[in-house]
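Okay, so here's the structure we're looking at.
Throughout, protein chains are lettered first and strands after them, A, B, ... in sequence-line order, and every chain is numbered starting at 1. Worth knowing before you read on, the calculation uses all heavy atoms, side chains too, and leaves out hydrogens, waters and symmetry mates.
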Amino acid sequence: MVSFYDTRRRAVVSFEPVVPGQVSMYVCGPTVYDDPHVGHARTALTFDMIRRYLQWRGFNVTFVSNITDIDDNIIKRAFETGTTEPELAARYEQVYIDQMDRFGIAHPDHRPHATEYVEEMLEFIGDLVDRGAAYAIEGKGVYFSVAAHARYGDLIGRTPEELREGAGARVEVDVDKADPLDFALWKAAKPGEPDWNSPWGPGRPGWHIECVAMATDLLGETFDIHGGGDDLAFPHHQNEVAEAEGAELGFARHWIHGAMLNVNGEKMAKSLGNFTTLSDLLDVYEPQVLRLLMLQTHYRTVMELSDDALTGASGALDRLRAWHRRAVAAGVDQTASADADAVARFTAAMDDDFGTPAALAVVFDLVREGNAALNTGDTSRAATAHATVCDLAGALGLSLAGDDQSGDDALTEKVGTLLVERDEARAAKDFATADRIRDELAAEGIVLEDTPDGTIWRKT
RNA sequence: GCGUCGGUGCCCGAGUGGACUAAGGGAGUGGCCUGCAAAGCCAUGAUUCACGGGUUCAAAUCCCGUCCGGCGCUCCA
């Protein structure tokens with residue numbers, strides 16, 4: 001049975017969806033005002049992995065991930081760059097989608113936008129006000145009353161009292177609020193800011209209310225999993241919980257948070273000068289290298305990004321691909337069925353809080369087994385290993401095929417001709433000529449591998 | 001300051017009471033294979049898991065203390 005760490009319950013729990021066989025999950029997406037960085041990619045990958053695994057495991061998954069297309073940062077950035085908020089948001093949303101596509105993150109089933117849900121949010125805020133869980137402050141907006149939610153803080157294991165002590169430690173407290181912990185549901189518009197009409201005057205929705213409105217609209221009042229980056233647990237997710245429960249919605253049954261990504265021991269952030277956009281990184285390293293590196297670290301462990309780590313993952317990916325090339329060249333039966341024992345080990349690792357590092361260890365063990373089998377000519381065992389590796393790696397979103405070179409017919413023909421020449425030279429023991437051809441190809445980035453079943457070539 | 005998570009080999013990084021191998025990957029070294037390479041296989045690599053105490057028949061894993069670091073404390077994936 002699938003189990004995972006539930007942030008709110010602070011324990012690994014067995015997972016049983018509300019509707020057997022169906023999983024509904026909502027993951028907080030980005031606020032689109034800048035290029036996505038590698039940290040965004042990690043969170044996206046974490047939930048992409050969870051989604052793919054649950055699907056591989058046989059669940060029918062409905063995956064929702066939003067776009068926050070109106071907020072303070074968007075307004076500020078639009079002003080700075082002399083554009084409008086909708087234009088800015090649309091532009092960066094496209095950049096986000098493009099880069100995540102490039103990284104191999106599957107599209108969500110629904111990608112709602114905050115600005116499409118203002119009606120629902122206003123209705124929701126009105127309900128909270130009617131219930132006495134929220135109050136308006138003239139000229140400022142509408143606030144949620146944390147006093148109405150006794151469990152406030154439970155998502156991060158703190159009590160309201162403890163949180164009050166911390167409130168104001170870094171940010172000035174608004175003296176108009178009834179409680180320092182109260183937060184905005186609706187923000188009154190300042191001059192020049194985009195606004196929507198509401199019973200409390202023109203303004204725009206607060207951040208937390210967006211996700212509650214979108215998640216419950218698309219997934220129902222109660223759904224299975226709510227995810228997001230670890231830094232969102234408080235206040236964002238905590239406030240979502242307060243709002244939803246203030247309106248007596250079942251809301252998320254489980255909370256999953258992905259750990260941050262650090263560079264040189266520090267969180268990736270522009271202010272620290274260690275900000276790497278996903279685009280820049282993928283210009284240097286293949287998407288699959290980054291995916292493999294991230295999967296080799298457990299999703300709840302703070303991960304370190306460095307060139308050494310990326311280079312290491314690149315080597316690991318090469319190993320996977322070399323095995324695949326070799327197996328295919330050896331003509332193993334590609335319709336062989338998977339090794340049930342290995343699949344069981346993989347499943348056990350993944351069922352235990354999505355243990356991708358241990359799951360990958362199973363895959364690499366199979367690669368060694370398969371290579372050893374080919375060394376001894378045991379193609380049957382190699383075929384089983386090959387089929388299993390393909391299945392399991394595929395479940396994690398890893399493809400063994402690598403860059404397809406078949407598209408470049410001219411190159412294929414040219415290399416093919418040279419390889420024939422080289423084979424003839426080798427047969428005649430004219431190694432000087434054979435090596436000269438190999439060197440020429442190497443100079444063009446073509447690496448040769450001689451196997452008993454012929455020579456394989458690939459681009460580096 | 002308060003809270004929380006963590007410090008494992010040259011590097012990345014699993015493992016949270018017990019055996020089997022402190023997983024797996026990268027790098028290194030030795031061997032095999034190869035005409036030579038590449039790929040691959042085998043072997044080797046922490047007698048030890050920040051440091052100091054403690055509990056236990058048994059600790060990387062639990063407890064206490066110290067040092068160091070990440071994240072959160074209403075911008076944040």
- line: 5' to 3', nucleotides 10-15 of chain B under a 4.0 Å protein heavy-atom cut-off (B base, S sugar-phosphate only, - none) gives -SSSS-
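- A/D423 places its CG atom 13 Å from the P atom of B/G35, with the value rounded to the nearest Å.
- Summarising the geometry, the separation between CD on A/E424 and C1' on B/G35 is reported as 18 Å, rounded to the nearest angstrom.
- Residues that satisfy the side chain to side chain contact (heavy atoms under 4.5 Å, CB included) test with A/H107, not counting sequence neighbours, are A/I97, A/D101, A/R111.
- A 4.5 Å side-chain heavy-atom check between A/Y26 and A/N66 finds at least one atom pair inside the cut-off.
- Comparing B/A77, B/G40, B/A37 by their closest approach to the side chain of A/A322 singles out B/G40.
- Of the residues in residues 380-398 of chain A, none lies under 4.0 Å from RNA chain B by heavy-atom distance.
- Of the candidate nucleotides B/G35, B/G70, B/G24, B/G35 has the atom nearest to the side chain of A/R422.
- B/A77 and B/C71 are spaced 15 Å apart, taking the P atom of each and rounding to whole Å.
- The base of B/A37 lies close enough to the side chain of A/R438 for a donor and an acceptor atom to sit less than 3.5 Å apart.
- Side-chain polar atoms of A/T455 and A/D450 form a donor-acceptor pair below 3.5 angstrom.
- Of the candidates B/G24, B/G72, B/A39, the closest approach to any side-chain atom of A/R458 belongs to B/A39.
- Taking atom P on both nucleotides, B/A27 is separated from B/G70 by 30 Å, rounded to a whole Å.
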Pull out every protein N or O sitting under 3.5 Å from an N or O of nucleotides 30-33 of chain B, one pair per line with the distance.
none

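- If you check every strand for non-hydrogen atoms under 4.0 Å, A/L232 touches sugar and phosphate atoms only.
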Intra- and inter-strand pairs of RNA chain B in dot-bracket (Watson-Crick or G-U wobble, both distances under 3.5 Å; | for another strand): ((((((((.[[[..)..(.....]]].(((((.......))))).....[[[[[..)....]]]]])))))))....
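- Checking A/G315 against A/A259, the closest nucleotide of RNA chain B that is more toward the 5' end is the one next to A/G315.
- A/D450 comes within 4.0 angstrom of a nucleotide base, judged by non-hydrogen atoms across all strands.
- Note: CZ (A/R10) to P (B/G3) measures 13 Å, nearest angstrom.
- For A/D71, there are no salt bridge (charged side-chain N to carboxylate O under 4.0 Å, His left out) partners two or more places apart in sequence or in a different chain.
- A close approach under 4.0 Å does occur between a side-chain nitrogen or oxygen of A/R319 and OP1 or OP2 of B/C41.
- Look at NE2 on A/H324: it is 18 Å from P on B/A39, rounded to the nearest Å.
- Taking 3.5 Å as the limit, the base of B/G24 and the side chain of A/D365 contain no donor-acceptor pair of atoms between them.
- Side-chain proximity of A/R426 to B/G35, B/C71, B/A23: nearest is B/G35.
- As judged by a 4.0 angstrom heavy-atom cut-off over every strand, A/F431 is placed among the base-contacting residues.
- Positionally, the nearest nucleotide of RNA chain B for A/R300 lies more toward the 5' end than for the other of A/R300 and A/T31.
- Using C1' as the reference atom, B/C57 and B/C32 are 45 Å apart when rounded to the nearest Å.
- For A/D308, the salt bridge (charged side-chain N to carboxylate O under 4.0 Å, His left out) test picks out no residue, with sequence neighbours left out.
- Out of B/G40, B/A77, B/A39, the shortest distance to the side chain of A/E449 is found at B/A39.
- We find the NE2-CG distance between A/H208 and A/N239 to be 4.0 Å, quoted to the nearest 0.5 Å.
- Aromatic ring centres of A/F144 and A/F183 lie closer together than 6.0 Å.
- If you look at A/H257 and A/H237, their ring centroids are closer than 6.0 Å.
- Using a 4.0 Å heavy-atom distance criterion, A/G39 is classed as a base contact.
- Listed by chain and residue number, A/D453, A/I456 satisfy the side chain to side chain contact (heavy atoms under 4.5 Å, CB included) test with A/T451 (two or more places apart in sequence, or in another chain).
- Rounded to a whole Å, the CD1 atom of A/I437 is 19 Å from the P atom of B/A37.
- Rounded to whole Å, the P atom of B/G9 lies 15 Å from the corresponding atom of B/G52.
- Between the P atoms of B/A59 and B/G69, the separation comes to 30 Å (whole Å).
- Between B/G45 and B/A23, the two C1' atoms lie 15 Å apart (nearest whole Å).
- Residues satisfying the salt bridge (charged side-chain N to carboxylate O under 4.0 Å, His left out) test with A/E85, not counting sequence neighbours, are none.
- Between A/N371 and the phosphate of B/C41, there is a side-chain N or O to OP1/OP2 separation shorter than 4.0 Å.
- For the side chain to side chain contact (heavy atoms under 4.5 Å, CB included) test, residues two or more places apart in sequence or in another chain that qualify with A/D378 are A/A373, A/T376, A/S380, A/R381.
- Set against B/C2, B/C76, B/A39, the side chain of A/R158 has B/C2 as its closest nucleotide.
- If you take CZ of A/F183 and P of B/C75, they are 13 Å apart, rounded to a whole angstrom.
- Take A/T433 and apply the side chain to side chain contact (heavy atoms under 4.5 Å, CB included) test, not counting sequence neighbours, and it matches A/A425, A/D430, A/R436, A/I437.
- Residues A/Y135 and A/W200 place their aromatic rings such that the two centres sit no closer than 6.0 Å.
- Looking at A/Y299 and A/D353, their side chains do bring a donor and an acceptor atom within 3.5 Å of each other.
- In this structure, A/D318 places its CG atom 9 Å from P of B/A27, rounding to the nearest Å.
- Using a 30° and 60° split on the angle between ring planes, A/H254 and A/F4 fall in the perpendicular class, above 60°.
- A/F364 is listed as a side-chain neighbour of A/R319, based on a closest heavy-atom distance under 4.5 Å.
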Below 3.5 Å is the cut-off: list the nitrogen or oxygen pairs between protein and nucleotides 42-44 of chain B, distance only.
none

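- If you take OH of A/Y26 and C1' of B/A77, they are 13 Å apart, rounded to a whole angstrom.
- Among the nucleotides B/G3, B/C76, B/G35, the one closest to any side-chain atom of A/A434 is B/G35.
- In this structure, A/F364 does not pack face-to-face on the six-membered ring of B/G24, missing the 5.5 Å centre cutoff or the 30° plane limit.
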field: Check against salt bridge (charged side-chain N to carboxylate O under 4.0 Å, His left out), A/D435 and A/R422
entry: CA-CA 8 Å; A/D435 289 350; A/R422 180 167 170 270; 5.4 Å; no
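- With hydrogens and angles left out, the side-chain atoms of A/E210 and A/T68 include a donor and acceptor closer than 3.5 Å.
- Between A/T379 and A/D333, the closest side-chain pair of non-hydrogen atoms is not below 4.5 Å.
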